[in-house]
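Right, one structure below, let's go through it.
A quick note: this is a predicted structure, and the numbers were derived from the prediction, not measured. Just so you know, these numbers use all the heavy atoms, side chains as well, and skip hydrogens, waters and symmetry mates. Order of the sequence lines sets the chain letters (A, B, ...), proteins ahead of strands, with each chain counted from 1.
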Amino acid sequence: MSQVSITLPDGSSRSVPAGTPVRDVAEGISPNLARAALAAVVDGRLVDLSYPLQKDGAVRIVTDKSPEALPLYRHSTAHLLAAAVTNLFPGTQCGIGPATDEGFFYDFVVERPFVPEDLELIEKKMKELATQDLPYERQLWPREKAKEFFAARGEPLKVQLIEEKTEGQKEVSCYTIKDPDTFIDFCVGPHVPSTGKLKAFKLLNTSNAYWKGDARNAPMQRIYGTAFVSDKDLKGYLTQIEEAKKRDHRKLGKELGLFIFHPWAPGATFWDGKGTVLYNTLASYMRDVLLPTGWIEVKTPLVYNKALWEMSGHWQHYRQNMFLIESENEQMGMKAMNCPGQYLLYASRTHSYRELPLRFHEQTPLHRNEASGVLAGLTRVRQFAQDDGHSFLMQDQIGDEVERMLGLVQRVYGDFGLEYTAKLSTRPPDFMGEIATWDSAEAQLKSALDKSGQPYTISEGDGAFYGPKIDFDITDAIGRKWQCATIQLDYNAPERFDLKYIGPDNREHRPIVIHRAIFGSFERFIALLIEHYAGAFPLWLAPVQATVLPIADRHIEYAAGVRDRLKGAGLRADLDDRQEKIGFKIREAQLQKIPYMLVVGDREAAEGTVSVRERSGGDKGSSSIDPFIAAARDEIANKGRVERAAGHPAPDAMRVTSFQ
RNA sequence: GCUGGCGUAGCUCAGUCGGUAGAGCAGCUGAUUUGUAAUCAGCAGGUCGGGGGUUCAAAUCCCUUCGCCAGCUCCA
């Protein structure tokens, strides 16, 4: 028998008979490694331990310390789930069951939807199968035979998958778990060697899903779960989820008195006093960022005649998401986007090429009649306002303009210390316009991204039909990604609205539009900020920046004077003049996450000082009032950024609402 | 919109087998005048999300509707 030469990660090599399974290689290295082995990487490919080595190459054994371990565990646990389900619910059809970033899921076609009690049963069965340490066995079936097998078993979805995924192949790969029913699944693998390796998993929830994610297809039942290499990791994950729930913006919004919702206005926010301060501070901040950089703030109507929506195409494509109104037999629609209104404004006069890029920005409210099931706190609402801008420009200005926009995004997100990811989406199959124009636009977007130093991924074919775009996502407390900032090129709208500018040649030309938002929507951005800061806003954003806490009634007069001086200096200050002990007032102020508590008693009243308590730092000792005000204003100007507070002045003094 | 779950006082939650509803906090009143995370006492507060049904009797069982939550589909 011929020999093959394999190289191990430590650089050593050894020779084994051709056809030797990698399991034996692990065995040959050490019995401990063999016990810990889950799979192997052979020439960069993840394979089963049973994989027979046929040619020379590099071999690395995967154990639970390897980066490949987690997805492997999760995928194998998904199979274990399917085995348990088909065991408990005979006749169940299996769909797909991949590993995800957080765990895994498996989709099934079942007689009746799963209920929570089913999950307990299923998880128990999974544990039972895991205890039996049943091997995952890889089998190569002739393609036609596999199709016949699954067809006979009443699994048409599997037959469909085999047809689509293995076209031209003679053999297809299947995996069995020899449970009482012998669970067989069509799957490329690889898998852990046996169910006994799976020790830390938990089923989390169920939901409905559609075959291939298409709502026109058969509804299926999805079971979500997660798996980790150790019980400790699993517990850690579950605690982390619990912790994250504490910073959920819906919970904090209620506790901090920021906003409420009411059943009579689903998806529309009632901003309470404190929330309104936060909202206005952000709106004002955005103006301060934009107005010096050439953006012109405008306000366009909220309700338009149907004619506008026909021209924009919304009537044809978006009507089911619009709130419609009737007025004197005319059909009107509330705006779901600002663009069409701004186009009318642009088109209302002639523009010279010398004006371009012309930049409109507005913060007026939008209404989208979203399906009830998609509403979610502030992150998905029916009424919201975007920091919505449109830049009208010439083709060769795209690169510079996008670069400036990227600079704005980086600066703004930097001011909040937010983590985000960027994604460039390119020409989709159903694009409009010329390929050459698209290529030029995409090249300019890429070049701008590269120049900005912004890391990004490319999503080929994911652009809008009217132009390529760059999207920015922020992750919420429970790990969901939300699109916030966006930069979208649009070649379609200027055509539809017959937008023009007069070029140097004294002729009419068609401008290009770039849609851009930095926050995305105020509502969603605030939701993510609340979770980002866990409700403890930096001083410049805190709805109440300082609260004065008199020790006894006789100090109220002095305390009120302190509060008034703070207010006079533009600080958002409160006074707690209730007849309560100081510990009680402090506790409440802490729970309200107020940055500064100013305790005043006999000593302070006599000396004209305040005793400063910091939200995070505790008692800071006494201070005269003016120095406290000066320090607070400094902290506000610096947006609470420690690195700047420590000696580096802010590059530009930002104004804050209360100072205006 | 789809599937599942949930909806009890302002908030957080109990409420067993169907027998007409309870706690803590908040609120109000009074006492207390307080030094860095909860002073004490009393009082008041409910169409058990809405509507319909079963029953001698419904927070509890059934139907329906609205809202919320998770996910799916869509999207800032």
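A sub-4.0 Å separation between OP1 or OP2 of B:rU34 and a side-chain N or O of A:Arg554 is present.
Distance, A:Ile260 CD1 to B:rG67 P: 15 Å, rounded to whole Å. To the nearest angstrom, C1' of B:rU36 lies 13 Å from CG of A:Asp576. Going from atom CZ of A:Arg587 over to atom C1' of B:rA26 covers 12 Å, rounded to whole Å. Rounded to an integer number of Å, the gap from A:Leu256 CG to B:rC11 P is 16 Å. The distance between atom CD of A:Glu588 and atom C1' of B:rC11, rounded to the nearest whole Å, is 13 Å. The nearest whole Å value for the distance from the NZ atom in A:Lys245 to the C1' atom in B:rU12 is 16 Å. For the pair A:Glu614 CD and B:rU36 P, the interatomic distance rounds to 18 Å; values are reported in whole Å. For the pair A:Met597 CE and B:rA38 P, the computed distance is 13 Å after rounding to whole Å.
For A:Glu614, the CD atom counts as densely surrounded, since its 6.0 Å shell holds more than 12 non-hydrogen atoms of other residues, nucleotides or ligands.
Here B:rG10 sits opposite B:rC25 as a Watson-Crick or G-U wobble pair (both hydrogen-bonding atom distances under 3.5 Å). With a cut-off of 3.5 Å on both pairing distances, the Watson-Crick or G-U wobble partner of B:rG19 is B:rC56. Base pairing analysis places B:rU39 opposite B:rA31; the two distances defining the Watson-Crick or G-U wobble pair are each below 3.5 Å. Nucleotide B:rC75 forms a pair with no other nucleotide shown, judged by Watson-Crick or G-U wobble geometry with both contacts under 3.5 Å. Pair assignment for B:rA70: B:rU3, on the basis of Watson-Crick or G-U wobble contacts that are both within less than 3.5 Å.
B:rA59 and B:rC13: their C1' atoms are spaced 15 Å apart (whole Å). Rounded to a whole angstrom, the distance from the C1' atom of B:rU60 to that of B:rA14 is 14 Å. Using P as the reference atom, B:rG42 and B:rG24 are 10 Å apart when rounded to the nearest Å. Nucleotides B:rG27 and B:rC68 have their C1' atoms positioned 26 Å apart, rounded to a whole Å. Taking atom P on both B:rG67 and B:rG45, the two are 31 Å apart, rounded to the nearest angstrom. When the P atom is compared between B:rU65 and B:rG71, the two are found 25 Å apart, to the nearest whole Å. Nucleotides B:rG19 and B:rC40 are separated by 36 Å at their P atoms, to the nearest Å. Here, B:rA41 and B:rA37 have their P atoms 22 Å apart, quoted to the whole Å.
Residue A:Pro219 is classed as having no contact, given no heavy-atom separation below 4.0 Å to the nucleic acid. Within the 4.0 angstrom heavy-atom criterion, only backbone atoms of the sugar-phosphate kind lie near A:Gly583; the bases stay farther away. When heavy atoms are screened at a 4.0 angstrom cut-off, A:Asp602 is found touching base atoms of the nucleic acid. Among the atoms of the strands shown, only primed sugar atoms or phosphate atoms (P, OP1, OP2) are found under 4.0 Å from some heavy atom of A:Tyr224. Here A:Glu255 lies out of heavy-atom contact (under 4.0 Å) with every strand. Across all strands shown, A:Ala517 has no heavy atoms under 4.0 Å from either base or sugar-phosphate atoms. Base contact: A:Arg524 has a heavy atom under 4.0 Å from a base atom. At a threshold of 4.0 angstrom between heavy atoms, the contacts of A:Gly621 with the nucleic acid are absent. Contact annotation for A:Thr486: no contact, since no heavy-atom pair falls under 4.0 Å across all strands. Residue contacts for A:Leu591: at a heavy-atom cut-off of 4.0 Å it reaches a base atom on one of the strands shown. Across all strands shown, A:Arg250 has heavy atoms under 4.0 Å from sugar-phosphate atoms exclusively, and none from any base. Contacts of A:Phe584 with the nucleic acid, taken as non-hydrogen atoms under 4.0 Å apart, involve only primed sugar atoms and P, OP1 or OP2. Using a 4.0 Å heavy-atom distance criterion, A:Glu604 is classed as a base contact. Within 4.0 Å (heavy atoms only), A:Lys254 reaches sugar-phosphate atoms of the nucleic acid but no base atom.
Side-chain atoms of A:Gln483 lie closest to B:rA76 of the nucleotides B:rA37, B:rC72, B:rA76. With distances taken from any side-chain atom of A:Pro263 to the nucleotides B:rG67, B:rA76, B:rG35, the minimum falls on B:rG67. The listed nucleotides are B:rG35, B:rU73, B:rC68; the one nearest the side chain of A:Ile551 is B:rG35. The A:Ile582 side chain lies nearest to B:rU36 when the options are B:rA76, B:rC72, B:rU36.
Less than 6.0 angstrom separates the ring centroid of A:Phe519 from the ring centroid of A:Phe522. Ring centers of A:Phe392 and A:Phe360: under 6.0 Å apart, within the cut-off. Aromatic ring centres of A:Phe108 and A:Phe89: separated by at least 6.0 Å.
Looking only at distances, a side-chain donor or acceptor of A:Gln590 sits under 3.5 Å from a matching main-chain atom of A:Arg615. At least one donor-acceptor pair under 3.5 Å links the side chain of A:Arg524 to the backbone N or O of A:Gln483. At least one donor-acceptor pair closer than 3.5 Å links the side chain of A:Ser312 to the backbone N or O of A:His314.
Along RNA chain B, the nucleotide nearest to A:Arg615 and the one nearest to A:Gly213 differ in position, and the one closer to the 5' end is contacted by A:Arg615. Between A:Arg368 and A:Asp553, it is A:Asp553 whose nearest contact on RNA chain B lies nearer the 5' terminus.
Remark: the A:Asn208 side chain and the B:rG71 base include a donor-acceptor N/O pair separated by less than 3.5 Å. Residue side chain A:Arg380 reaches the base of B:rC75 through a donor-acceptor N/O pair under 3.5 Å, judged by distance alone. Contact annotation: side chain of A:Thr206 to base of B:rU3, donor-acceptor pair absent below 3.5 Å. Taking only distance into account, the side chain of A:Gln590 never meets the base of B:rA38 through a donor-acceptor pair shorter than 3.5 Å.
Of the options A:Asp473, A:Thr379, A:Asp476, a side-chain hydrogen bond (donor to acceptor under 3.5 Å, both in side chains) to A:Trp482 is made by A:Asp476 and by none of the others.
For the pair A:Tyr533 and A:Phe416, the minimum side-chain heavy-atom distance is below 4.5 Å.
Stacking between A:Phe384 and B:rA76 is present: the aromatic ring centre lies within less than 5.5 angstrom of the base six-membered ring centre, and the two planes differ by under 30 degrees.
Contact check on A:Lys335 versus A:Glu362 returns a salt bridge, with a Lys/Arg side-chain nitrogen under 4.0 Å from an Asp/Glu carboxylate oxygen.
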